[in-house]
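See below for the structure under consideration.
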Amino acid sequence: DVTYTSMIGVLCKANRLDEAIELFEQMELNKKVPCAYAYNTMIMGYGSAGRFDDAYKLLERQKEKGCIPSVIAYNSILTCLGKKGKVDEAYKMFDEMKKDAEPNPSTYNILIDMLCKAGMLEDAYQVRDAMEVAGLFPNVLTVNIMVDRLCKANKLDEACRIFEGMDKKGCTPNAVTFGSLIDGLGRRGRVDEAYRLFERMLDAGQVPNAVVYTSLIRNFFRCGRKDDGHKIYKEMVRRGGCPDLTLLNTYMDCIFKGGEVEKGRALFEEIKARGFVPDVRSYSILIHGLIKAGCARETYELFYAMKEQGCVLDTLAYNTVIDGFCKSGKVNKAYQLLEEMKGKGHPPTVVTYGSVIDGLAKIDRLDEAYMLFEEAKSKGIELNVVIYSSLIDGFGKVGRIDEAYLIMEEMMQKDLTPNVY
RNA sequence: CCCCCAGUGCAU
């Protein structure tokens with residue numbers, strides 16, 4: 001039984017759900033009533049595959065067969081409900097489960113998580129209190145969930161309060177706790193506090209991971225403190241920290257945005273030198289950085305390097321490359337890619353159209369720009385000020401004032417305010 | 001066998 005069940009678990013994790021189901025059904029045939037462990041595993045398998053209804057049906061079948069579902073089965077179902085945001089049903093299930101099994105700390109965490117995600121912070125606090133009333137202690141995961149959600153809801157001080165109070169409750173912050181809060185503070189520009197937290201992390205004997213360094217670097221750069229950003233990178237290296245690809249991509253983007261083009265290029269080389277294969281984001285960042293530095297001509301070569309490497313472009317990458325082509329006199333190439341992306345299941349966005357329309361407008365190909373403008377409208381894309389500005393600017397520049405005026409009026413009718421005068 | 005799975009890229 002146990003062997004079967006672990007096999008089912010392995011199959012589920014390997015995305016071979018069909019085989020898992022087959023095995024499970026065989027168990028049901030042989031044994032009439034599989035053990036609770038088997039049900040747990042199978043319910044979880046359905047859940048992580050997104051087949052929530054099947055998970056629920058299996059729970060019902062388990063009950064019918066007289067096997068009492070364990071808390072773990074219920075937790076899996078609650079997780080499913082959480083992923084669908086069905087808070088009410090989750091509450092109902094929570095009450096219902098008490099007949100069969102005692103909720104454990106995970107049960108409460110799952111509830112708290114979904115309430116936080118639904119923005120129902122007050123309810124989340126209530127559940128946390130109920131947890132204590134039930135004689136269970138919130139653990140580090142409970143805190144992590146709340147800290148993260150509070151930060152994202154811009155309730156930083158409250159997040160800090162919970163963080164500061166956790167030690168008293170006998171739970172120690174871990175890397176995720178620190179990471180969430182350091183990033184939460186940094187994103188809101190409170191980088192010095194974030195850095196102090198980083199120091200506390202060190203004092204507490206924790207080893208900061210790449211997530212923490214990435215967040216610090218990005219946020220210091222974003223508020224214009226380039227030198228501090230660089231220092232943090234060096235500090236990481238000095239401490240023997242190992243950058244991952246996300247960190248290097250982020251750092252490269254920061255460097256480019258700070259105007260250090262050659263350093264940015266060097267970082268791309270370093271990514272390769274460190275044995276990473278640049279991913280679609282690495283290329284997007286590099287190309288974008290070069291475009292902004294006036295080196296849009298290099299898009300062509302990089303685009304082919306990307307393809308050669310087998311890198312699959314996503315919407316943002318297409319947008320970036322298309323912009324690069326537009327800004328290096330290769331508008332036809334941009335058109336071609338516009339078609340390519342449609343064909344590959346990436347519908348052009350308002351940004352895609354924005355790039356091409358602007359590219360065309362800047363070289364006075366206004367009729368084509370206008371055609372794309374109409375095309376975007378016909379596709380139901382919400383046009384924004386950027387698009388209108390490019391067009392108005394273009395028509396105005398060549399003296400087609402009447403048309404510029406009409407477009408301007410259309411923009412006003414949409415309640416968009418011009419930002420270029 | 002169940003819960004946080006915290007950090008990167010685009011147009012005027």
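Just the heavy atoms: all of them, side chains too, but no hydrogens, waters or symmetry mates, feed the values below.
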Just checking A/Phe52 against A/Tyr56, ring centres under 6.0 Å apart?
no
Are the charged groups of A/Lys63 and A/Glu60 less than 4.0 angstrom apart, N to O?
yes
Among the nucleotides B/C1, B/C5, B/C2, which one has an atom lying closest to any side-chain atom of A/Tyr37?
B/C1
Rounded off to whole Å, could you give me the CG-to-C1' distance for the A/Leu337 and B/A11 pair?
15 Å
Considering only side-chain heavy atoms of A/Met44, which listed nucleotide, B/U12, B/C4, B/C1, is closest?
B/C1
If you look only at distance, which donor and acceptor atoms sit under 3.5 Å apart when one is on a side chain in residues 316-331 of chain A and the other is two or more places apart or in another chain?
unit_1, atom_1, unit_2, atom_2, d
A/Tyr318, OH, A/Glu340, OE2, 2.8
A/Asn319, OD1, A/Thr352, OG1, 2.6
A/Asn319, ND2, A/Thr349, OG1, 3.3
A/Thr320, OG1, A/Leu316, O, 2.8
A/Asp323, OD1, A/Lys327, NZ, 2.7
A/Asp323, OD1, A/Ser355, OG, 3.2
A/Asp323, OD2, A/Lys327, NZ, 3.3
A/Ser328, OG, A/Gly324, O, 2.8
A/Ser328, OG, A/Phe325, O, 3.4

Would you mind listing every side chain to side chain donor-acceptor pair (under 3.5 Å) that reaches into residues 67-80 of chain A, with sequence neighbours excluded?
A/Asn40-A/Ser70, A/Tyr74-A/Asp100, A/Asn75-A/Asn104, A/Asn75-A/Thr107
Quick one: label A/Ala317 by what it contacts on the DNA or RNA (base, sugar-phosphate, nothing), any heavy atom closer than 4.0 Å.
base
Need one value for A/Lys13: base, sugar-phosphate or nothing, where a base atom within 4.0 Å counts as base even if backbone is also close, heavy atoms only.
nothing
Which residues, if any, of residues 282-296 of chain A bring a heavy atom under 4.0 Å of RNA chain B?
A/Ser284, A/Ile285, A/His288, A/Lys292
Donor-acceptor pair under 3.5 Å, A/Asp244 side chain vs B/G7 base:
yes
Residues of residues 350-359 of chain A with a heavy atom under 4.0 Å from any atom of RNA chain B, listed by number, are A/Val350, A/Val351, A/Gly354, A/Ser355, A/Asp358
For a quick check of understanding: with a heavy-atom distance under 4.0 Å over all strands, which category does A/Ser390 fall into, base, sugar-phosphate or nothing?
sugar-phosphate
Does a donor on one side chain sit under 3.5 Å from an acceptor on the other, for A/Thr142 and A/Asn139?
yes
Salt-bridge contact A/Arg161-A/Asp157 (side-chain N to carboxylate O under 4.0 Å):
no
Below 3.5 Å, does any donor atom in the side chain of A/Arg218 face an acceptor in the base of B/U8, or the other way round?
no
Derivation and outcome, ring pair (Phe, Tyr, Trp, His ring centres under 6.0 Å), residues A/Phe395 and A/Tyr405
CA-CA 9 Å; A/Phe395 278 106; A/Tyr405 209 77; over 10 Å; no
All ring-ring contact (aromatic ring centres under 6.0 Å, His included) counterparts of A/Phe137, not counting sequence neighbours
none
A/Asp393/A/Lys397 ion pair, N-O < 4.0 Å
no
Under 4.0 Å, heavy atoms only, any strand: does A/Leu316 hit a base, just the sugar-phosphate, or nothing?
base
Distance-only donor-acceptor test (3.5 Å): side chain A/Asn209, base B/G7:
no
Contact class for A/Ser215 vs. all strands (heavy atom < 4.0 Å): base, sugar-phosphate, or nothing?
sugar-phosphate
Can you find a side chain N or O atom of A/Lys152 that sits less than 4.0 Å from OP1 or OP2 on B/C4?
no
Answer yes when A/Lys152 and A/Asp148 have at least one side-chain N-carboxylate O distance shorter than 4.0 Å, and no when they do not.
yes
Separation of B/C2 C1' from A/Leu136 CG (nearest whole Å):
15 Å
Do NZ/NE/NH1/NH2 and the carboxylate oxygens of A/Asp228 and A/Lys231 come within less than 4.0 Å?
yes
Could you state the atom-to-atom distance from CG of A/Leu383 to P of B/A11 in whole Å?
17 Å
Note, A/Glu403 side chain near A/Tyr370 side chain (heavy atom, < 4.5 Å)
no
So what does A/Arg222 hit on the nucleic acid, given a heavy-atom distance under 4.0 Å: a base, only sugar-phosphate, or nothing?
nothing
Looking across every strand, which nucleic acid part, if any, lies under 4.0 Å from A/Ile145 by heavy atom: base, sugar-phosphate, or nothing?
sugar-phosphate
Mind checking if A/Ala210 touches a base, just sugar-phosphate, or nothing, with heavy atoms under 4.0 Å?
base
Separation of B/C3 atom P from A/Asn75 atom CG, nearest Å, is 8 Å
Hey, does A/Val280 reach any base, or is it just sugar-phosphate, or nothing, if we go heavy atoms under 4.0 Å?
base
Give the nucleotide from the list B/G9, B/A11, B/C4 with an atom nearest to the side chain of A/Lys327.
B/A11
As a test of understanding, state which of A/Asp53, A/Ile77, A/Ile43 forms a side-chain contact (heavy atoms from CB on, under 4.5 Å) with A/Leu58.
A/Ile43
Across the strands shown, which category fits A/Leu245 at heavy-atom distances under 4.0 angstrom: base, sugar-phosphate, nothing?
nothing
So, with a heavy-atom separation below 4.0 Å from RNA chain B, the residues of residues 170-183 of chain A are A/Ala175, A/Val176, A/Gly179, A/Ser180, A/Asp183
